[in-house]
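Worksheet for the structure shown next.
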Amino acid sequence: MELNKICSDIEFELIQGDVKAEVTDIIYDSRKAEEGTMFVCMVGAVTDGHKYIPDVAAKGASVIVMQSREALAQYGEGVDLEGITIILVENTRSALAYMSAAFFDYPARKLTTIGLTGTKGKTTTTFIIQDVLTKAGIKSGLIGTIATVIGEESTPAKNTTPESYEIHKAMAKMVKAGCTHLVMEVSSQGLKFDRTAGIEFDYGVFTNLSPDHIGPTEHPDFDDYLRCKKMLFKQCRTGIFNIDDSHAEAIMEGCTCNIVSISLEKEADLTASNIQFLSEGGKLGMTFNVHGMMEGPATTHIPGKFSVYNALTTIAICKLLGVNEEAIISGLSDAQVKGRVEIVPVSDEFCVIIDYAHNALSTRSVLKTLKEYNPHRLVAVFGCGGNRSKVRRYDIGEVAGKLADLCILTMDNPRYESLKAINEDIKEGLAIYDGKYIEIDDRKEAIAYAITNAEPGDMIVMLGKGHETYIEIEGVRHHFSEHEVIWEIVDDIYAGRRKMEKGTSIL
């Protein structure tokens with residue numbers, strides 16, 4: 001594609017070369033440079049893409065996009081740039097988003113786009129919405145924390161919201177695969193760094209907001225975090241807002257979209273009443289009645305009051321899309337999200353749950369949710385990641401020590417730290433509430449101990465790994481899937497290689 005067509009939506013200055021230069025692909029990773037590619041010099045917290053100008057020039061890049069004249073003098077000195085077209089833009093991140101859209105022929109315009117932002121609930125709700133749409137016969141793609149999903153193809157995610165080029169490339173694949181809808185997690189980082197710049201979402205969703213992602217390489221303070229979340233509602237046509245959240249008014253202030261509200265506590269466009277906790281045969285969930293945009297009973301087999309908010313969001317979106325109410329109710333009941341308060345049906349007598357919670361906020365949320373079902377015992381199997389904040393370990397230990405009846409400390413991703421050192425930090429937090437614990441280093445054996453010692457009415461929750469399929473030790477990722485491990489343990493029990501110590505039955 002010609003450069004001038006790729007740049008049709010941005011302002012730029014031609015430093016040298018030809019605006020009709022042919023571009024075979026857009027890259028921002030210098031290692032992918034080859035003849036005919038256009039290299040965009042991205043400036044980040046860790047590195048400055050301008051310093052790779054000599055590398056991409058040597059590999060035959062046809063175009064270089066810069067945001068600094070000084071960088072050309074600094075990194076281009078002595079480099080053979082003859083025959084390379086160079087353009088200058090104000091912001092290369094924003095330019096990449098608009099150029100990628102043009103390069104892939106504006107795929108967002110060919111899809112009904114649904115973007116979700118908030119601190120909690122994005123991942124679960126995106127999958128529920130996609131499940132319901134699928135149930136209704138609507139082919140949709142998904143971009144989020146766990147994966148990018150296009151039809152039957154699922155690619156593990158690196159970021160909640162990928163770089164803009166990857167977003168448009170994925171959307172183009174979705175269009176080609178026959179998808180008509182896209183459900184996407186839109187993170188504050190994605191908004192802050194222009195990864196979704198130029199996309200006009202048909203629907204935007206605000207789930208909730210609490211302090212998170214605040215630090216030197218993320219958001220300097222909560223105000224910046226909130227400001228970035230608000231950006232979605234200036235680039236969508238209709239916004240669905242959880243007005244029970246204390247920050248909802250601040251998020252809605254100045255938004256340019258139509259507003260649809262959901263609530264469990266206030267008057268809104270869609271509300272829920274008669275909310276009940278559902279526990280039956282080793283399965284958990286919620287039942288409730290909906291009012292407003294839709295009327296009638298509904299069930300979700302994802303436990304916790306927060307799942308009612310997720311369900312209301314799904315109902316609101318699907319009603320706006322014209323989805324049949326029967327398909328909505330059926331899809332809600334069937335939906336499960338991998339690694340997000342996911343029930344693994346191994347027994348009618350006790351529950352086994354996998355969840356991704358890996359900080360104090362999410363751990364507290366999950367454990368408090370499960371406590372509301374009045375389990376006989378709440379058993380938490382978890383560890384903490386190495387080479388990360390020690391405060392997180394103390395805090396998780398404190399939360400688990402207060403809420404769980406038994407903690408089984410085990411391996412998460414120790415990385416380059418010793419498991420013993422990590423667990424010692426967790427135990428400091430546990431000691432605050434005199435939390436009962438045992439230590440089993442091997443994560444599979446820790447899970448096996450919890451299952452084989454289960455008593456009727458127990459809830460066993462594995463925290464921290466969720467959808468992940470590896471354990472990272474000394475820089476090496478070893479395959480480890482809790483889903484696989486649980487069923488291997490069940491097979492061992494059936495085969496007599498392990499036994500249920502309490503006489504509790506498995507399926």
Side-chain angles (χ1 to χ4, degrees), residues 1-10 12-108 143 147-148 150 153 155-159 161-177 190 193-195 197-198:
M1 182 181 285
E2 286 186 1
L3 175 62
N4 58 353
K5 292 182 180 178
I6 294 173
C7 296
S8 58
D9 299 318
I10 64 168
F12 67 93
E13 181 183 345
L14 182 67
I15 302 298
Q16 71 173 46
D18 185 355
V19 292
K20 291 188 176 182
E22 280 293 327
V23 173
T24 58
D25 200 1
I26 303 173
I27 61 165
Y28 51 90
D29 181 341
S30 62
R31 293 168 296 185
K32 296 180 180 180
E34 56 185 47
E35 191 172 339
T37 54
M38 176 169 77
F39 178 65
V40 182
C41 301
M42 302 272 272
V43 179
V46 178
T47 189
D48 181 348
H50 293 91
K51 73 180 183 180
Y52 298 106
I53 288 173
D55 295 343
V56 298
K59 291 178 179 179
S62 62
V63 178
I64 296 175
V65 183
M66 310 177 64
Q67 70 178 43
S68 167
R69 285 182 180 276
E70 293 74 18
L72 182 59
Q74 182 179 357
Y75 298 112
E77 187 177 353
V79 179
D80 182 7
L81 298 174
E82 186 177 351
I84 298 176
T85 297
I86 299 175
I87 66 171
L88 182 70
V89 298
E90 183 178 346
N91 183 308
T92 49
R93 285 188 175 275
S94 176
L96 177 64
Y98 286 95
M99 291 188 299
S100 297
F103 185 74
F104 289 107
D105 194 24
Y106 305 99
I143 297 174
T148 294
I150 305 170
E153 178 187 342
T155 305
K158 295 180 181 178
N159 298 310
T161 305
E163 289 293 350
S164 55
Y165 172 87
E166 309 301 336
I167 291 172
H168 289 280
K169 184 177 182 179
M171 288 193 293
K173 285 184 177 181
M174 290 173 192
V175 171
K176 188 175 181 180
F193 292 116
D194 292 316
R195 293 172 190 163

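Along the sequence shown, residues are numbered consecutively beginning with 1.
Rounded to the nearest 0.5 angstrom, Q67 CD and D48 CG are separated by 7.5 Å. With rounding to the nearest 0.5 angstrom, the CD atom of Q16 is 7.5 Å from the CD1 atom of I84. One finds the CZ atom of F103 at 11.5 Å from the CG atom of L3 (value rounded to the nearest 0.5 Å). In this structure, OG on S68 lies 13.0 Å from CD on E90, to the nearest 0.5 angstrom. For the atom pair CD1 (I86) and CZ (R69), the distance works out to 11.0 Å, reported to the nearest 0.5 Å. Between the CD1 atom in I26 and the NZ atom in K169 there is a gap of 11.0 Å [rounded to 0.5 Å].
Looking only at side-chain heavy atoms (C-beta outward), P162 and I143 come within less than 4.5 Å of each other. Residues K32 and T37 are not in side-chain contact: their nearest non-hydrogen atoms beyond the backbone lie 4.5 Å or more apart. Considering only heavy atoms from C-beta on, T148 stays 4.5 Å or farther from K173 through its side chain. Two residues are said to be in side-chain contact when any heavy atoms from C-beta on lie closer than 4.5 Å; F193 and M42 fail this criterion. Two residues are said to be in side-chain contact when any heavy atoms from C-beta on lie closer than 4.5 Å; T92 and Y28 fail this criterion. When side chains are defined from C-beta on, Q74 does not count as touching K51, because their heavy atoms never get closer than 4.5 Å. You'll find the side chain of I53 reaches within 4.5 Å of the side chain of L81, heavy atoms only.
What you find for S8 and Y106 is that their closest heavy atoms are OG-OH, 3.4 Å. Pairing each heavy atom of P107 with each of A172, the nearest pair is CB-N, 3.6 Å. For A97 against H168, the heavy-atom pair with the smallest separation is O-NE2, 3.6 Å. Taking all atoms of both residues into account, the shortest heavy-atom contact from G17 to T85 is CA-OG1, 3.6 Å. Heavy atoms only, all atoms of each residue included: V79 and A57 are closest at CG1-CB, 3.9 Å. Between A170 and I150, the shortest heavy-atom distance links the atoms O-CD1, 3.7 Å.
Proximity of a side-chain donor or acceptor of D194 to a complementary backbone N or O of A197 within less than 3.5 Å is not detected. Between the T24 side chain and the G36 main chain, a donor and an acceptor come within less than 3.5 Å of each other. Here the side chain of S30 pairs no donor or acceptor atom with the backbone of V56 at under 3.5 angstrom. Judged purely by atom type and a 3.5 angstrom limit, E22 uses its side chain to pair as donor or acceptor with the backbone of M1.
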>> Please determine whether side chain to side chain contact (heavy atoms under 4.5 Å, CB included) holds for the pair M66 and I15, giving the CA-CA distance in whole Å, both sets of side-chain angles, and the decisive distance to 0.1 Å.
In response: CA-CA 10 Å; M66 310 177 64; I15 302 298; over 6 Å; no
>> Run V19 and F12 through side chain to side chain contact (heavy atoms under 4.5 Å, CB included) and show every step you take.
In response: CA-CA 10 Å; V19 292; F12 67 93; 4.1 Å; yes
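Of the candidates V89, I87, L14, I87 is the only one forming a side chain to side chain contact (heavy atoms under 4.5 Å, CB included) with C7.
Side chains of D29 and Y165: a donor-acceptor N/O pair is absent below 3.5 angstrom, by distance only.
Salt-bridge formation is not detected for the pair E166/R195: no Lys NZ or Arg NE/NH1/NH2 atom is positioned less than 4.0 Å from an Asp or Glu carboxylate oxygen.
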